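By convention here, the first residue in the shown sequence is residue 1. The shown structure was predicted, so the numbers you read here are calculated from the model rather than taken from an experiment. Both ligands and their constituent atoms are indexed starting at 1 by order of listing.
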Amino acid sequence: MRSLINITDLSVEEIEELISVANDIIANPEKYREKCRYKKLAALFFEPSTRTRLSFEAAMLELGGSVLGFSEAQSSSAAKGESVADTAKTVSCYADIIAMRHPKEGAPMVAMMNASIPVINAGDGGHNHPTQTLTDLLTISREKGSLNNFTIGFCGDLKFGRTVHSLITALSRYENIKIYLISPEELKLPSYVKNDVLKKNNIEYIQTTNLEEAIPNLDILYMTRVQRERFFNEEDYLRLKDRYILTPEKLIGAKEDLCIMHPLPRVNEISPSIDNDKRACYFKQVLNGKFIRMALILKLLEVE
Ligand code: NCD
C-alpha cells in the first residue's frame, strides 16, 4: 500500500506516468467517470483550505466515488484532544484513502504509520505540500512542454512556503534547472532545503532580494504569499507582507513566454491587472490540480 508524504516518495518515472494519466483525463474525461465507484475519500483538514480540499473532493466525485471528512480541527475530535494516530485508525474503518492537511510538520506521516489505507499529505505546516507540486509539474509540463531546461524564480516567503520546498525538491531531479531565490533576508529558503537539496544535487541557484533584476532571466516566476499563520509576531508580518507585488510595469523586461505561477491564495503579491495577461498561469494551475489529484487517487487505490 502506497502513500504520498514527500514528493520524493514518487520516482521521476511515476511522476511522468501521473502527468500522462492527467493529460489523458483532460482529453477523455468520460473514460474515468466510474473508476472509483463505491470508493470513499476522507478529507481531513485541520487547517484552512479552498483549492486543495475542494480539488480532492471534486477529483473523487469525478471518478464516481464519494467524499467524507471535516474542514476544520474544531469540528473533529481533535478539539477534544484526540491524537492524529487515533484519528487515522478511526478513519481507516470508514474510508479507502485519506487526504490530510495539518498545521504540525510530520502529522500526515504519523497518520500514515497508523492508518491501514493510503494517506496523502495535503500540506503539513511549513514543511511540504507534494500534491501542489504535482499540480505545478503538470502545469509546467503543459505550458513549457518539458520539465527540463528552464530558469525558475521563486519569490516571496521561501522560509515558510511549503509549496516552494516541495517544488524545489522535485525540480532537483530534472536536467538543467536554474533557480532564483528571491526573498527578504528574513524569509530566505531554510538551510535544510539549500543544503540537502540544492547543494547536494549541484543545482545552480542565485539568492537575491531584487525581483525586478531577476525577472528578465526567468522562464517561470513562482510567486508566493507571506505565510501569516506561521509568523511569531504580527509586526514582522505587516513589515514583510507587501514586499513583492507583481505589477504590469515589472513585467516590461520579462520574456514573452514567461509563465507566471502562484499556488494561491493570493493576497497582494500579483496585481489582478495581470490576470488577463497570457503569461498568467495561476488559474490554469487551479484546474490542473483537480486532474493530477484524480490521477494520484487512481494510482494509490491501484485502479486500472
Ligand atoms: C498553499 C498552501 O496551502 O500551502 N495553498 C495551496 O494549497 N494551493 C499556499 C498558501 O497557502 O500560501
Heteroatom proximity flag, R225 to ligand 1, N/O under 3.5 Å: yes
Ligand 1 N/O within reach of R101 N/O, cut-off under 3.5 Å: yes
Determine the interplanar angle of the [X] and [Y] rings, folded into 0 to 90°, and report it as parallel if under 30°, tilted if 30 to 60°, perpendicular if over 60°.
{"X": "F160", "Y": "F232", "answer": "perpendicular"}
{"X": "Y222", "Y": "F154", "answer": "tilted"}
{"X": "Y237", "Y": "F231", "answer": "perpendicular"}

Test R162 against every option in E47, E229, E105 by the salt bridge (charged side-chain N to carboxylate O under 4.0 Å, His left out) rule and name the one that passes. E47
Just jot down the ligand 1 atoms closer than 4.0 angstrom to any heavy atom of T52, in number order. 6 (C), 7 (O)
Within a distance under 4.0 Å of any heavy atom of T163, pick out the atoms of ligand 1 and give their elements. 1 (C), 4 (O)
Is a donor on one side and an acceptor on the other found under 3.5 Å between the side chain of D24 and the backbone of S20? no
Would you mind finding which of T135, V226, L264, T50 brings a heavy atom closest to atom 9 (C) of ligand 1? L264
For atom 2 (C) of ligand 1, state which one of E269, R162, H165 supplies the nearest heavy atom. R162
Using a 6.0 Å cut-off, check whether atom CD of E234 has over 12 heavy atoms from anything other than its own residue. yes
Quick test: of every protein heavy atom, which one is nearest to atom 8 (N) of ligand 1, and how far off is it to 0.1 Å? P263 O, 2.9 Å
Check if G123 has a non-hydrogen atom at a distance under 4.0 Å from any atom of ligand 1. no
